[in-house]
Each structure stands twice: as C-alpha cells, then as structure tokens.
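To keep things clear, I will list the structure first and then write my remarks on it.
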Amino acid sequence: MKVTCFSTKEFERKSLVKANNGNHDLLMVPDTLSLSTASIAQRCEGIMIFTGDDASAPVIEKLHSIGVRYIALRSAGYDNVNLQKAHELAIKVANVPAYSPYAIAEHSILLMLALNRKIISTSARIHLKNFSLNGLVGFDMNGKTAGIIGTGKIGSVAVKILHGLGCRILAYDINQNKELTTSYGVKYTSLDELLKQSDIISIYTPLTQATKRLINKESIDKMKNGVMLINTSRGGIVDTSAVIEALKNGKIASAGLDVYENEKGIFFFDRSNEVLQDDLLSRLMAFNNVIITPHQAFLTNEALENIADTSFQNLTTWSLGNKSKNEL
C-alpha cells in the first residue's frame, strides 16, 4: 500500500527503509500529523505516526475523508489517538507493544545513578578544571527502597536491575507479576504505602485517565522527604508545577525526567536558536538537581529496528486482508 510516515526523524530513516524492504510505497515526511498536515497523506491507504503526532477525532475524520484506512503507531503508547473515532470510521490502528523494554528501563537506571552521584555537575566542574569533591556526596543504592509504579515489560526489567543493585523493591500495579515477587523479592503494596516508604520512585505505567497527573501535590505530600523521582513513561502522569514546588522546598531531592507533559512541539526539535516559550520547562531546566532528556529513553539501535519491523508487519498484515495481532 501507499503509506505516509509522519514525524520522520533522521535517526530512524535507515531502520524504516530496511524494515520496509520495498514492500510499500513509503513517503517519509518530517511534518507532525495535525489537522493542517493530514492532507499530505492524500491517496494513501495507511499512515505511520509517532508520539508527538495528533490523531484526535477531527484529524481522524480528515484522514478518513482522504482515504486513509490504517494507522500504524511507531510507539507502544497510543494516548494521542482517538480510538473511539477510529473504530467508528473503521480505521484500523495498531501499536508496537514491546520494542525494547531494556532500552527504557536502562535509561531510567542511568538517570537514577547520574542524579545520585552528581555526574552532570561533576562533568561540568572537570571541564572548568575544578577537581573538588565538595557537594558531590551520593548514597549507596544497596539497601535503599525503590518504588516501582507499573510492573509491565519495562517495569519488570527495571526491577531486575534494581534487585542486582541490592535495592528493596516495592511495586504498585493493578496486575501483579508473581515472578517478580518470587524471584526478586518484590512486595506489591498500595500506592500510598509505596509513596511513604520509597527512597526512589520510578514510573513505568501508561498514560490513561486513571494515571493522568498521578503524581500531584497530594501524592507528593505523602512521599519521604528527599525522595528521588524518575519518569520515563509519559509526561502527563506528572504534575510539573507540583514537582517544581517540591524541588524548591526539598521534598523531592532530585528528579530525572525523560518525558514532560507539554513536550509536544519542543522535544525532537532543535530549538537552540530560539527563546524557549515554555515557562515550566525553563524552571525545571534551572535546577541543578534535575536531569531532563528529550524523550530518548527508547533510542537504541535494537529498539529502532524492532519498532520499524513491527510497524511494517502491521501494515503488511493489513495489506493482505488480515487482522494484525497488535490492533487496538
């Protein structure tokens, strides 16, 4: 089929071309899908979209009117797609449910270790020929309590790594993984107990109506003083304003954020020659105890290949008149 790939970035082109292998007539464009750009997919049966693309109801209606019948996401999350409208118009949607849980879990641990041992500050000092150790004291991960919110594929990998570091692990998830309790000593508990007891809290749950702003002023107030907060899931799970206030008063000692609730239009783009208009993000960037990465936790060779392969498998399955196992 003819397919428009929206939000195509330079780092993924090679993987997309390889995975397609000439099977589909592929148009790769850097444009983000929106109501104003949907017409790029004119005369295409399918489109491929990423996390920053807008597949809301009006956009889906526009896509349907120009002949689009398939939407293949290059992501696991699908909170940017109005599935109800897609189903109503018989547009099939599929995601990539598991491309590399290791990539994201490892990135979250990286953020923990870098924050704990002040690696960013240390590197900046060294470049200024400042070799002092003052202000660089961290803590042993061994023996600390790590609270894991969401123990799906990614959260489970994070559990295994943290277990190897000697952490005591608490978990909160509506679906409990018995293997984690028997093999890694994970204790499932209520969210309140996890918040109260954890030295480190790391989020691996999808963004839903139930998890939107799960981390807010009320939940932060229940946390230990001096907690570390890590989010490599979705920005909308965290109330950024509440986190900023907690960073200011010391309730949160440090934060590692690979996602941000207002990242659309900012992350994945070079804004180095512009004045940043987002005041919340500017305030976050001012803290020396915050590490922000631009939604790059997934960014490994293995993940890119798996994303591309699965996305095209979904499209090829549809083109053959079959149902994809990843349909939403």
Side-chain angles (χ1 to χ4, degrees), residues 77 101 104-113 115-116 138-259 261 289-290 297:
I104 298 172
E106 289 169 6
H107 191 84
S108 68
I109 307 302
L110 162 71
L111 292 174
M112 292 179 201
L113 295 174
L115 285 166
N116 175 23
F139 56 80
D140 288 355
M141 294 287 288
N142 182 69
K144 296 299 182 294
T145 299
I148 303 300
I149 300 177
T151 54
K153 291 182 173 64
I154 299 169
S156 295
V157 174
V159 163
K160 296 172 185 178
I161 300 172
L162 289 166
H163 179 265
L165 290 172
C167 292
R168 170 180 176 248
I169 303 171
L170 300 179
Y172 171 72
D173 199 313
I174 56 174
N175 299 309
Q176 298 186 8
N177 185 333
K178 291 184 179 180
E179 181 193 352
L180 298 181
T181 61
T182 56
S183 299
Y184 301 98
V186 172
K187 179 182 178 182
Y188 279 92
T189 185
S190 67
L191 180 60
D192 281 358
E193 280 304 308
L194 183 149
L195 296 173
K196 291 175 184 176
Q197 296 186 40
S198 299
D199 301 298
I200 302 165
I201 296 173
S202 198
I203 304 166
Y204 305 100
T205 188
L207 177 62
T208 65
Q209 284 301 316
T211 63
K212 186 174 183 180
R213 294 203 165 183
L214 184 69
I215 303 301
N216 52 44
K217 184 182 185 304
E218 289 73 23
S219 58
I220 291 172
D221 286 344
K222 297 174 184 176
M223 297 178 186
K224 274 187 176 183
N225 290 330
V227 69
M228 177 189 290
L229 178 67
I230 305 292
N231 187 13
T232 53
S233 185
R234 283 291 185 268
I237 297 170
V238 172
D239 181 341
T240 307
S241 295
V243 168
I244 288 173
E245 288 306 308
L247 285 163
K248 288 169 63 178
N249 63 36
K251 183 73 173 183
I252 295 178
S254 58
L257 308 171
D258 184 57
V259 288
E261 60 180 320
N289 55 344
V290 173

Would L165 and N142 count as a side chain to side chain contact (heavy atoms under 4.5 Å, CB included) if you check the C-alpha gap in whole Å, the side-chain angles of each, and the deciding distance to 0.1 Å?
-> CA-CA 6 Å; L165 290 172; N142 182 69; over 6 Å; no
Check whether any side-chain N or O of [X] sits under 3.5 Å from a backbone N or O of [Y] as a donor-acceptor pair, and report yes or no.
{"X": "S183", "Y": "L180", "value": "no"}
{"X": "S190", "Y": "E193", "value": "yes"}
{"X": "T211", "Y": "P206", "value": "yes"}
{"X": "S219", "Y": "N216", "value": "yes"}
{"X": "K160", "Y": "S156", "value": "no"}
{"X": "S254", "Y": "N289", "value": "no"}
{"X": "N231", "Y": "R234", "value": "yes"}
{"X": "D173", "Y": "Q176", "value": "no"}
{"X": "N116", "Y": "G138", "value": "no"}
{"X": "S108", "Y": "A105", "value": "yes"}

How many angstroms lie between atom [atom1] of [X] and atom [atom2] of [Y], to the nearest 0.5 angstrom?
{"X": "I203", "Y": "I215", "atom1": "CD1", "atom2": "CD1", "answer": "4.5 Å"}
{"X": "E218", "Y": "L195", "atom1": "CD", "atom2": "CG", "answer": "11.5 Å"}
{"X": "I230", "Y": "M112", "atom1": "CD1", "atom2": "CE", "answer": "5.5 Å"}
{"X": "I244", "Y": "I252", "atom1": "CD1", "atom2": "CD1", "answer": "10.5 Å"}
{"X": "K153", "Y": "I104", "atom1": "NZ", "atom2": "CD1", "answer": "12.0 Å"}
{"X": "L111", "Y": "E106", "atom1": "CG", "atom2": "CD", "answer": "12.5 Å"}

Give the minimum heavy-atom separation between [X] and [Y], together with the two atoms involved.
{"X": "V238", "Y": "V243", "answer": "CG1-CG2, 3.3 Å"}
{"X": "I237", "Y": "T205", "answer": "CD1-O, 3.1 Å"}
{"X": "I148", "Y": "I169", "answer": "CG1-CG2, 3.9 Å"}
{"X": "I149", "Y": "L191", "answer": "CD1-CD1, 3.9 Å"}
{"X": "L207", "Y": "G236", "answer": "CD1-C, 3.8 Å"}
{"X": "C167", "Y": "A146", "answer": "CB-CB, 4.4 Å"}

Give the intermediate values and the outcome of side chain to side chain contact (heavy atoms under 4.5 Å, CB included) for residues I220 and K251.
-> CA-CA 8 Å; I220 291 172; K251 183 73 173 183; 3.8 Å; yes
Under the side chain to side chain contact (heavy atoms under 4.5 Å, CB included) rule, what do I200 and T145 come out as? Steps first, then yes or no, please.
-> CA-CA 7 Å; I200 302 165; T145 299; over 6 Å; no
Would you say the side chain of T181 lies within less than 4.5 Å of the side chain of K187, judging by non-hydrogen atoms?
-> no
What pairs meet the ring-ring contact (aromatic ring centres under 6.0 Å, His included) rule with one or both residues in residues 169-224, with sequence neighbours excluded?
-> H163-Y184
Are D199 and K224 ion-paired here, with the side-chain N under 4.0 Å from a carboxylate O?
-> yes
In plain terms, say whether D221 and K217 are close enough for a salt bridge, that is, a side-chain N and a carboxylate O under 4.0 Å apart.
-> yes
Output, in order, the C-alpha distance, side-chain angles, deciding distance and verdict of side chain to side chain contact (heavy atoms under 4.5 Å, CB included) for L170 and V186.
-> CA-CA 6 Å; L170 300 179; V186 172; over 6 Å; no
Test item: side-chain donor near acceptor, E261 and T240, under 3.5 Å = yes
